[in-house]
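Per chain, numbering begins at 1; letters A, B, ... match sequence-line order.
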There are 2 protein chains.
Amino acid sequence: MQEERADAARNRKAILEAADNLFAISDSPSEVSMDDIAHAAGVGKGTLFRRFGDRRNLIQQVYAVRLAPLREQIESGPPPLGPDTPPRERVSAIIDAIAVVKLDNAHLMLALEEGTGPTNGLYESADYVAVHGLLRDLVAGKFGKSRASWIAHSLLANVRADLLGHLVKGEGMSHSNIRSNLRDFVAHTLDY
Amino acid sequence: MQEERADAARNRKAILEAADNLFAISDSPSEVSMDDIAHAAGVGKGTLFRRFGDRRNLIQQVYAVRLAPLREQIESGPPPLGPDTPPRERVSAIIDAIAVVKLDNAHLMLALEEGTGPTNGLYESADYVAVHGLLRDLVAGKFGKSRASWIAHSLLANVRADLLGHLVKGEGMSHSNIRSNLRDFVAHTLDY
DNA sequence: CAGAATACGGACTGATAGTCCGCTTGTCAA
DNA sequence: TTGACAAGCGGACTATCAGTCCGTATTCTG
């Protein structure tokens, strides 16, 4: 692996920042075109696509930054997110943490889950698969194996970005109200 | 309201049939363009758009046919779907019936829920709003009002077309297995 | 059968993701 | 410092759609 050239690194950063800003500003992610991003970053379209391949990947790179702390907390942090937590509390904490991240980064998360046809693949994305697998294993003690998988999907369905966005913008629910409902729901789902 | 001219009626039917077929055949709804549909129906693009306005509306018209029986059952049919059913059983029956329709018409339902950016609006669509309102009212007896709304959204999140599609195609779950998990889940959610 | 109202269809527009390639810039060895 | 070459750049270009427009064709009515 070669070093990244200075101008390339500068442009990469500029593109990520520009994209983040534009998604934050715009009402809907689909209003932000790749041309817009390239222009705002002060680079050509070719540069943008050479660096990031396609729109989906660009968006993933942008949000990877925001997700990194959460991922790290879950993988190797202290309780209640880290591995040294009893399954029940850990599941609850993870769902809540996901909700918080998505509520705080609604614009980006919408862009990510925005189904652009077959390119969508929320359920095939590495992040979804990883967190689903973890949740599945954590609840497998309480439920059967196939049932655990279903439960994990069900839990995650409650924190989908478009649902959260609708609750906030369409129904005016407060973040804390959403989290409270979610907490009760998860608790009730996990406690027999 | 004027009578529909004979050629217009013929073309409307041809377009609906062609669209239905194409969505059924194709892997992903987004692979089916409006030109494809017009061509398959043997009409010009102008005709297609004059009759249906836009892509979203066309898809809604196509699936309205499939949804009509369910809607009618819920609005005025006999138990367990109709109004003369105790809330708890009715909610359960409705969720199961929605799952069945979506599992049986996966191609169409995917097309409908396919978020084409701001045009998406699953949560703003008349059908979603109607069924959410009904479920909310049915569970309002057991939960608070704001909580009932959240619960209704949560229930519906478990029967989203893309989730069902993933369970079937991505994880190889059988329809009956999905419905069984769903039934247990709904029962557990509603029974304190 | 004629004339008006309605509908047709496909060329046209505008937008967007993604490609291509001649030109520029950074890097590094001498 | 320099010069040559790899790496990177940018924007014109292509392909693909949804949706519009309007001259022409069809259907209905009396």
Side-chain angles (χ1 to χ4, degrees), chain A residues 1-19 22-23 26-62 110-121, chain B residues 1-19 22-23 26-62 110-121:
Chain A
M1 190 77 176
Q2 204 47 326
E3 269 291 329
E4 188 177 44
R5 238 172 67 170
D7 50 351
R10 199 184 330 120
N11 284 333
R12 187 171 43 72
K13 236 181 99 186
I15 290 168
L16 286 172
E17 279 173 18
L22 287 179
F23 283 126
S26 71
D27 285 343
S28 167
S30 61
E31 287 174 358
V32 179
S33 71
M34 297 300 269
D35 294 79
D36 291 341
I37 295 169
H39 187 258
V43 305
K45 244 182 138 179
T47 302
L48 195 166
F49 277 96
R50 191 171 348 87
R51 202 100 350 254
F52 294 99
D54 61 17
R55 180 184 176 89
R56 175 155 208 80
N57 190 253
L58 168 60
I59 294 170
Q60 274 181 353
Q61 299 285 338
V62 176
L110 270 176
L112 236 196
E113 292 184 14
E114 184 179 49
T116 312
T119 357
N120 185 359
Chain B
M1 190 76 178
Q2 198 56 323
E3 270 290 330
E4 188 177 44
R5 234 172 70 170
D7 50 351
R10 198 183 333 120
N11 285 333
R12 187 172 43 71
K13 235 182 101 186
I15 289 167
L16 287 172
E17 279 174 18
L22 287 179
F23 283 126
S26 71
D27 285 343
S28 167
S30 62
E31 287 173 358
V32 180
S33 72
M34 297 300 269
D35 294 79
D36 292 340
I37 295 169
H39 186 258
V43 305
K45 246 182 133 178
T47 302
L48 194 166
F49 277 96
R50 191 167 352 85
R51 203 91 3 245
F52 294 99
D54 62 16
R55 180 186 176 87
R56 176 156 205 80
N57 190 254
L58 168 61
I59 294 170
Q60 275 181 353
Q61 300 285 338
V62 175
L110 271 177
L112 236 195
E113 291 184 14
E114 184 178 51
T116 313
T119 355
N120 185 358

Spacing of [X] atom [atom1] relative to [N] atom [atom2], expressed in whole Å:
X	N	atom1	atom2	result
A/Arg55	D/dC17	CZ	P	17 Å
A/Ile37	C/dT16	CD1	C1'	12 Å
B/Met34	C/dA15	CE	C1'	17 Å
B/Phe52	C/dC8	CZ	P	11 Å
B/Leu48	C/dA7	CG	P	15 Å
A/Ile15	D/dG11	CD1	P	13 Å
A/Phe49	C/dG18	CZ	P	5 Å
B/Leu58	D/dG19	CG	C1'	13 Å

- request: Find the bend of the helix from C/dC1-D/dG30 to C/dA30-D/dT1 as the angle between its two terminal axes (five pairs each), to the nearest 10°.
  value: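 That helix gives 10° between its end axes.
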When you compare the side chain of [Y] with that of [X], does any pair of heavy atoms fall below 4.5 Å?
X	Y	value
B/Ile15	B/Gln61	no
B/Ile59	B/Phe52	no
B/Asn57	B/Gln60	yes
A/Leu48	A/Asn11	no

message: Can you work out whether A/Val43 or B/Ser33 has the more 5'-proximal nearest nucleotide on DNA chain D?
response: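 With A/Val43 and B/Ser33 compared, the 5'-side residue is A/Val43.
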query: Between A/Ile37 and A/Ala19, which heavy-atom pair has the shortest distance, and what is it?
result: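 Nearest heavy atoms, A/Ile37 then A/Ala19: CG2-CB, 4.0 Å.
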task: Compare every heavy atom of A/Ala14 with every heavy atom of A/Ala41, then report the nearest pair and how far apart it is.
output: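 Scanning both residues, the minimum pair turns out to be CB-O, 3.7 Å.
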Show me the protein contacts with nucleotides 11-13 of chain C, counting only N or O atoms at under 3.5 Å.
none

- prompt: Of the nucleotides D/dG19, C/dT16, C/dC8, which has the atom closest to the B/Arg51 side chain?
  reply: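 Ranking D/dG19, C/dT16, C/dC8 by closest atom to the B/Arg51 side chain puts C/dC8 first.
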message: Quick check for you: to the nearest 0.5 Å, what is the distance between A/Phe23 atom CZ and A/Glu31 atom CD?
response: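 Output value for this atom pair is 11.0 Å.
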message: Can you tell me which residue among B/Lys13, B/Arg51, B/Arg10 is in a salt bridge (Lys or Arg N to Asp or Glu O under 4.0 Å) with B/Glu4?
response: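 The residue from B/Lys13, B/Arg51, B/Arg10 that satisfies salt bridge (Lys or Arg N to Asp or Glu O under 4.0 Å) with B/Glu4 turns out to be B/Arg51.
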Side-chain N or O of [X] less than 4.0 angstrom from OP1 or OP2 on [N]?
X	N	value
A/Thr47	D/dG8	no
B/Asn11	C/dC8	yes
B/Arg50	C/dC8	yes

task: Return the 5'-most residue of the pair A/Gly53, A/Asp36 with respect to DNA chain C, ranking by each residue's nearest nucleotide.
output: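 Nearer the 5' end of the strand: A/Asp36.
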query: Who passes side-chain hydrogen bond (donor to acceptor under 3.5 Å, both in side chains) against B/Arg50, sequence neighbours left out?
result: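 By the side-chain hydrogen bond (donor to acceptor under 3.5 Å, both in side chains) rule, B/Arg50 matches no residue at all.
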side-chain hydrogen bond (donor to acceptor under 3.5 Å, both in side chains) against B/Asp27, all qualifying residues, sequence neighbours excluded: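 Listed in chain order: nothing, the list is empty.
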query: Any ion pair linking A/Arg5 and A/Asp7 (charged N to carboxylate O, less than 4.0 Å)?
result: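 Yes, this pair counts.
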- request: Indicate for each nucleotide in nucleotides 23-30 of chain D, in 5' to 3' sequence, whether protein heavy atoms under 4.0 Å reach the base (B), only the sugar-phosphate (S), or nothing (-).
  value: ---BSS--
query: According to the side-chain hydrogen bond (donor to acceptor under 3.5 Å, both in side chains) rule, which pairs have a member within residues 36-45 of chain B, sequence neighbours left out?
result: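 side-chain hydrogen bond (donor to acceptor under 3.5 Å, both in side chains) check on residues 36-45 of chain B returns B/Ser33-B/Asp36, B/Asp35-B/Lys45.
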